[in-house]
Structures are given as structure tokens and as C-alpha cells.
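Written out below as C-alpha cells is the structure these notes cover.
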Amino acid sequence: MSDERIGIDELLERVRSGLDRIEARAAYEAYEAGEALLVDTRYAALRERDGLIPGALVVERNELEWRLDPLGSHRVPQAKNHDLRVVVLCDEGYASSLAAASLRRLGLHRATDVIGGFQAWKAAGLPVMLSAARAY
């Protein structure tokens, strides 16, 4: 392990240089085409406040690697192989970059995240469920 010390801004820059980050609309189109698994890592209070993305898999950040590791005993059914294209969303697109990089270290070489996170998704007018009876 290196003794190099860097701040979070530098770490984000390094991590993002290894990701093919995508815009919210591109993430939606990939999901709709069956080409990507959307994974919402926002914590419960944010999901309750802002709503859910219909069809997205909700996995809070502290469980992400265990749920998406294709070799793991606690994986979700969708985590069948390392070729899975996982698109991670957090609230604003910061923690999701770190999460996608972590998934890549597990061998999920197509993992990436949404630029601007859920807030960009919402601002683009993409589907959000506020409750079972109401969506916008």
C-alpha cells in the first residue's frame, strides 16, 4: 500500500478518469433497452424525500459490493456475471463514482455512474415514483 496522501477531490478525479460516466438520459435509455442495471445507492431518507426510480435496484452503499459481486454468496439475482453493466446513482453523482470504481475492482468492468446522480435524473424529467399512486 502506498504512503501517498490525497484529498477527496483528487481521489474523485482519479477514479472518474477510469470510468465511462454517463448522463441521466443515456442511463435511462440503456436501462429501457435492457442493457444496464440501474442501482440506486441513496439512503432511505433521500429516497423518501425525493422518490424512487422505477425499476432501479435499491442497494444502500454499505451493501453494494456484497450484493453485486457475481462470486458472492449474498449477491442479488441480477449479479450473474462480471459483464453486467451496472449504472450507479447516488444523490448528486459523487459517492456513485467511488462506488462504481469499487465495483470495477471486483471485476465488474462495465460499472459506471450517472453524472449528477438522482438530481440530474430528476432535472432531466425522467421517471420518478413519489408514491405507488403518483409519478412524474
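Note that this is a predicted model, so its numbers are computed, not measured. Residues: numbered from 1 along the sequence shown.
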Contacts of R47 meeting salt bridge (charged side-chain N to carboxylate O under 4.0 Å, His left out) (sequence neighbours excluded), chain-then-number -> E60
Across all chains, not counting sequence neighbours, the ring-ring contact (aromatic ring centres under 6.0 Å, His included) partners of Y31 are none
A95 meets the side-chain contact (heavy atoms from CB on, under 4.5 Å) criterion, sequence neighbours left out, with C90
Sorted by chain and number, sequence neighbours left out, side-chain hydrogen bond (donor to acceptor under 3.5 Å, both in side chains) with D83 holds for H109
Query raised in the report: Just by distance, do the side chain of T112 and the backbone of V87 share a donor-acceptor pair under 3.5 Å?
Result: no
In short, E65 meets S102 closest at the heavy-atom pair OE2-OG, 2.6 Å
With side-chain contact (heavy atoms from CB on, under 4.5 Å) as the criterion, how do R110 and D20 come out once you've worked through the C-alpha distance, each side chain's angles and the decisive distance to 0.1 Å? CA-CA 8 Å; R110 298 176 69 204; D20 300 315; over 6 Å; no
So the salt bridge (charged side-chain N to carboxylate O under 4.0 Å, His left out) pairs with at least one residue in residues 26-46 (sequence neighbours excluded) are D40-R42
Rounded to the nearest 0.5 Å, the OG atom of S96 sits from the CZ atom of R21 at a distance of 6.0 Å
If you define the side chain from C-beta out and look only at heavy atoms, does anything of D50 sit under 4.5 Å from D91?
yes
### Query
Can you tell if the side chain of K122 reaches within under 4.5 Å of the side chain of P127, non-hydrogen atoms only?
no
Donor-acceptor contact below 3.5 Å, side chain R85 vs main chain A30: no
Self-check item: Validation row: P70, K80 side chains within 4.5 angstrom (heavy atoms)
Solution: no
Sorted by chain and number, sequence neighbours left out, salt bridge (charged side-chain N to carboxylate O under 4.0 Å, His left out) with R16 holds for none
Within the 4.5 Å heavy-atom criterion, are L89 and D113 side-chain neighbours or not?
no
Sorted by chain and number, sequence neighbours left out, side-chain hydrogen bond (donor to acceptor under 3.5 Å, both in side chains) with R104 holds for none
Between L46 and F118, is any pair of side-chain heavy atoms under 4.5 Å apart?
no
So the side-chain hydrogen bond (donor to acceptor under 3.5 Å, both in side chains) pairs with at least one residue in residues 69-78 (sequence neighbours excluded) are none
Problem - Student check: side-chain heavy atoms of V15 and L98 closer than 4.5 Å - result: yes
By side-chain contact (heavy atoms from CB on, under 4.5 Å), E92 pairs with (sequence neighbours left out) Y94, Q119
Sequence neighbours excluded, the answer for side-chain contact (heavy atoms from CB on, under 4.5 Å) partners of A45 is Y43
Is there a side-chain contact between S97 and L12, using heavy atoms and a 4.5 Å cut-off? yes
Apart from L108 itself, members of its ILVMFWY cluster (side-chain separation under 4.5 Å) are L37, V39, L57, V59, L64, L68, V76, L84, V86, V88, L103, L106
**Prompt:** Hey, mind stepping through I22 and Y28 against side-chain contact (heavy atoms from CB on, under 4.5 Å) and telling me if it holds?
**Reply:** CA-CA 10 Å; I22 61 175; Y28 175 70; over 6 Å; no
Taking the side chain as every heavy atom from C-beta outward, state whether W121 and L38 have any atom pair closer than 4.5 Å.
yes
Contacts of R14 meeting side-chain contact (heavy atoms from CB on, under 4.5 Å) (sequence neighbours excluded), chain-then-number -> E4, I6, E10
